[in-house]
Amino acid sequence: MGLYFYNSLTRQSEPFRAIEDSEVGMYTCGPTVYDFAHIGNLRAYVFEDLLRRTLKYRGYGIRQVMNLTDVDDKTICNSMQAGTSLRDFTQQYKDAFFQDLDTLNIERAEVYPEATEHVSQMIELVETLVEKGYAYATDDGCVYFSIAQYQEYGKLSGVDTSELQHGARVKHDEYAKESVADFALWKAWEKSDGDVWWNSPWGPGRPGWHVECSAMSMEYLGKTFDIHTGGMDNVFPHHEDEIAQSEAANECRFVNYWLHCSHLIVEGKKMSKSLGNFYTLRDLLAAGYSGREVRWVLMGTHYRQQLNFTFQGLQDARSALQRIDDFVLRLQENAAEEVAMTDEVKAEIERAEQAFCSALEDDLNISRAIGVLFDLVREMNRIMDNAEIGQAVRKRTLDTLRTFDKVLGCLHIDGEQQIPQEVQRLVEERQEARKNKDFQTADSIRDQMAAQGWIVEDTPSGPRVKPQ
RNA sequence: GGCGCGGUAGCCAAGCGGUAAGGCAGGGGUCUGCAAAACCUCGAAUCACCGGUUCGAAUCCGGUCCGCGCCUCCA
């Protein structure tokens with residue numbers, strides 16, 4: 001059927017057509033590095049990783065750009081409170097961010113531009129907008145984008161600028177804006193900014209938030225590119241403003257497909273520090289969960305669906321992954337003899353591969369894809385229960401799982417688990433005892449192994465050893 | 001107030017006009033020295049509720065209730 005995405009811009013599912021198949025340009029809104037990422041942020045990054053991996057799986061080349069916002073109000077404020085330079089302050093969270101990506105097995109983007117390294121490009125963009133009459137400078141040294149000048153403003157979010165609720169969180173008197181909906185492209189230096197400022201044609205100051213993504217996407221992906229993603233909350237104003245800036249300045253389409261990911265709630269409630277249900281990845285690791293368990297949970301719900309993150313869900317993930325691990329282990333056991341692949345097996349595998357792919361093609365329907373995976377696990381287990389299967393089938397099935405894992409990124413197929421000699425010796429001793437019908441000794445050896453973190457299971461073809 | 005999303009078994013979650021995938025948990029069974037794993041099997045008589053459209057609706061339309069999001073820098 002081909003790849004389909006739900007495009008926020010048109011509010012419907014559309015077939016994906018890349019500008020160039022060899023390299024899909026993708027801009028994914030990245031972290032503001034003033035704190036550790038929380039699981040809500042990470043859900044978005046996992047979603048973007050799934051998107052990236054699915055595109056690759058379908059044969060596209062990728063050029064993904066993810067910005068690191070290392071200057072904004074909060075970042076400046078927090079760094080001053082911490083008494084460190086903006087650079088040192090953000091560096092620790094940049095490092096933490098990449099650690100989190102690794103823990104969740106999120107593939108690296110091709111480029112991670114930092115806002116503070118691209119201020120000159122942002123200034124250029126603002127200058128262009130001023131020249132073209134889309135932006136105006138005020139007496140206090142700020143520059144604003146004039147919504148009134150840009151006819152199509154609101155086309156992404158559907159907001160009617162004339163009906164924007166005034167005053168909710170804006171201090172009217174703070175800025176000399178022509179219209180409340182106008183947004184800052186350049187913010188004049190204030191005392192609270194400390195030593196954080198850059199020179200500009202409008203005096204010292206720093207770029208507005210929205211302009212960074214327009215300038216950096218243009219720098220690394222060109223004026224028009226394929227996909228732009230982010231959280232639902234970015235639709236307005238952030239992405240709306242990006243469209244306005246970019247299309248006004250470049251006089252061409254900015255982005256072809258906008259994909260937005262829904263938020264998550266925790267144990268049925270909105271995640272918030274005051275409710276005590278606010279978690280970073282570190283919190284979950286400290287509680288004994290692994291990165292892949294967290295990845296499984298964050299990935300398992302369709303990205304446009306609100307995800308209910310629960311500790312029960314993490315437990316469930318552990319069990320589900322264990323089921324797959326056991327299946328992989330079973331496939332990896334040496335088959336005594338070569339048994340040809342039957343048509344039944346071949347058909348089963350091909351059907352699974354086909355169904356897995358078409359599920360993902362349908363706007364990344366991961367839940368359906370995972371269902372296909374488990375269908376395959378059950379069918380192949382059934383086949384193995386009923387007949388001896390040979391190496392060819394095992395290899396073919398493992399290859400299929402490897403292919404699935406290119407997208408899922410959390411199956412353990414080729415990680416070699418070395419069984420310590422000591423444990424191996426216990427297994428042999430236990431086998432000896434079992435042969436002599438000395439089950440008391442056999443069971444006590446099993447307990448001994450368990451104490452060392454190893455499980456032994458008896459199968460028709462001999463003992464199977466796996467870590468606890 | 002404006003705009004938008006969602007409510008499916010004990011829990012998580014697909015399905016979005018043709019009679020309810022999958023995972024976890026639970027009951028029963030097969031296998032096993034015992035286990036474990038695996039397989040088989042049982043389980044939704046309100047798919048939030050009320051109307052409507054249709055031969056047929058969890059799926060479409062209208063209303064109600066509940067949860068959630070955005071409305072100036074929050075994924």
Side-chain angles (χ1 to χ4, degrees), chain A residues 8 11 28-32 37-48 69 72-74 154 157-161 163-166 168-171 175 177 180-184 187 208-210 212 229-238 240-241 260-265 268-271 296-297 300-302 304-310 312-324 326-327 329-330 355 359 362 365-375 377-386 434 437-440 442-443 446 455-460 464 466:
Chain A
S8 303
R11 298 175 190 239
T28 48
C29 275
T32 302
H38 61 249
I39 56 175
N41 298 316
L42 296 170
R43 182 201 188 179
Y45 307 142
V46 168
F47 146 63
E48 285 149 4
T69 300
D72 83 322
D73 291 349
K74 228 174 302 186
S157 60
V159 298
D160 179 346
T161 51
E163 287 180 6
L164 278 180
Q165 195 181 31
H166 294 196
R169 282 154 76 182
V170 194
K171 286 173 240 158
Y175 304 118
K177 292 197 283 190
V180 276
D182 289 353
F183 56 90
K187 301 173 94 165
W209 176 44
H210 313 300
E212 107 180 33
T229 72
M232 284 289 190
D233 55 331
N234 281 153
V235 173
F236 186 86
H238 187 227
E240 193 69 66
D241 291 351
H260 291 99
C261 155
S262 285
H263 284 198
L264 57 72
I265 55 177
K269 293 210 173 63
K270 180 178 172 177
M271 181 169 71
W296 185 265
V297 172
T301 300
H302 184 86
R304 285 190 289 112
Q305 199 74 28
Q306 185 175 68
L307 182 155
N308 185 16
F309 187 93
T310 64
Q312 179 62 51
L314 283 170
Q315 279 312 118
D316 293 353
R318 179 168 296 179
S319 302
L321 286 165
Q322 183 63 245
R323 176 166 161 78
I324 298 168
D326 284 343
F327 177 59
L329 206 59
R330 188 175 186 183
D362 183 12
N365 193 331
I366 189 70
S367 312
R368 212 169 86 206
I370 287 172
V372 170
L373 167 62
F374 280 108
D375 284 340
V377 169
R378 187 181 355 88
E379 284 308 312
M380 291 306 295
N381 268 325
R382 197 213 311 261
I383 288 166
M384 286 191 279
D385 276 358
N386 295 330
R434 292 182 71 226
K437 302 262 187 267
D438 180 3
F439 296 119
Q440 214 179 345
D443 289 352
R446 185 163 59 193
I455 292 173
V456 60
E457 297 171 351
D458 300 313
T459 76
R464 171 188 299 157
K466 64 182 187 185

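Side-chain atoms are counted along with the backbone in the values below, which use heavy atoms only and exclude waters and symmetry mates. In what follows, chains carry the letters A, B, and so on, assigned in the order in which the sequence lines appear, proteins first and then strands, with residues in each chain numbered from 1.
- Remark: Thr28(A) engages Gln64(A) in a side-chain hydrogen bond (donor to acceptor under 3.5 Å, both in side chains) (not counting sequence neighbours).
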Tell me, for nucleotides 34-41 of chain B in 5' to 3' order, what letter each nucleotide earns: B for a base near a protein heavy atom under 4.0 Å, S for only sugar-phosphate near one, - for neither? BBBSSSS-
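- Every residue was checked against the side-chain hydrogen bond (donor to acceptor under 3.5 Å, both in side chains) condition with Gln306(A), not counting sequence neighbours, and none meets it.
- Listed by chain and residue number, Ile265(A), Thr310(A) satisfy the side chain to side chain contact (heavy atoms under 4.5 Å, CB included) test with Asn308(A) (two or more places apart in sequence, or in another chain).
- Partner assigned to U19(B) is none, using Watson-Crick or G-U wobble distances below 3.5 angstrom.
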What does the list of N/O pairs under 3.5 Å between the protein and nucleotides 13-15 of chain B look like, with a distance for each?
unit_1	atom_1	unit_2	atom_2	d
A13(B)	OP1	Asn308(A)	N	3.4
A13(B)	O2'	Ser367(A)	OG	3.4
A14(B)	OP1	His302(A)	N	2.9
A14(B)	O5'	Ser367(A)	OG	3.2
A14(B)	O3'	Asn365(A)	ND2	3.1
G15(B)	OP1	Asn365(A)	ND2	2.8

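- Not a single ring-ring contact (aromatic ring centres under 6.0 Å, His included) links Trp296(A) to another residue, sequence neighbours left out.
- As rounded to whole Å, 12 Å separates atom C1' of G69(B) from atom CZ of Arg43(A).
- Applying the ring-ring contact (aromatic ring centres under 6.0 Å, His included) rule to Phe183(A) yields the partners Phe145(A), His210(A); only residues at least two apart in sequence or on another chain are considered.
- Looking at residues two or more places apart in sequence or on another chain, you find no ring-ring contact (aromatic ring centres under 6.0 Å, His included) involving His302(A).
- What separates NE2 of His38(A) from P of C74(B) is a distance of 11 Å, to the nearest Å.
- Distance, Asp316(A) CG to A9(B) P: 15 Å, rounded to whole Å.
- A close approach under 4.0 Å does occur between a side-chain nitrogen or oxygen of Ser319(A) and OP1 or OP2 of A25(B).
- Using a 4.0 Å cut-off, no side-chain N or O of Lys269(A) falls inside it from OP1 or OP2 of G67(B).
- The side-chain hydrogen bond (donor to acceptor under 3.5 Å, both in side chains) check on Asn365(A) picks up nothing, with sequence neighbours excluded.
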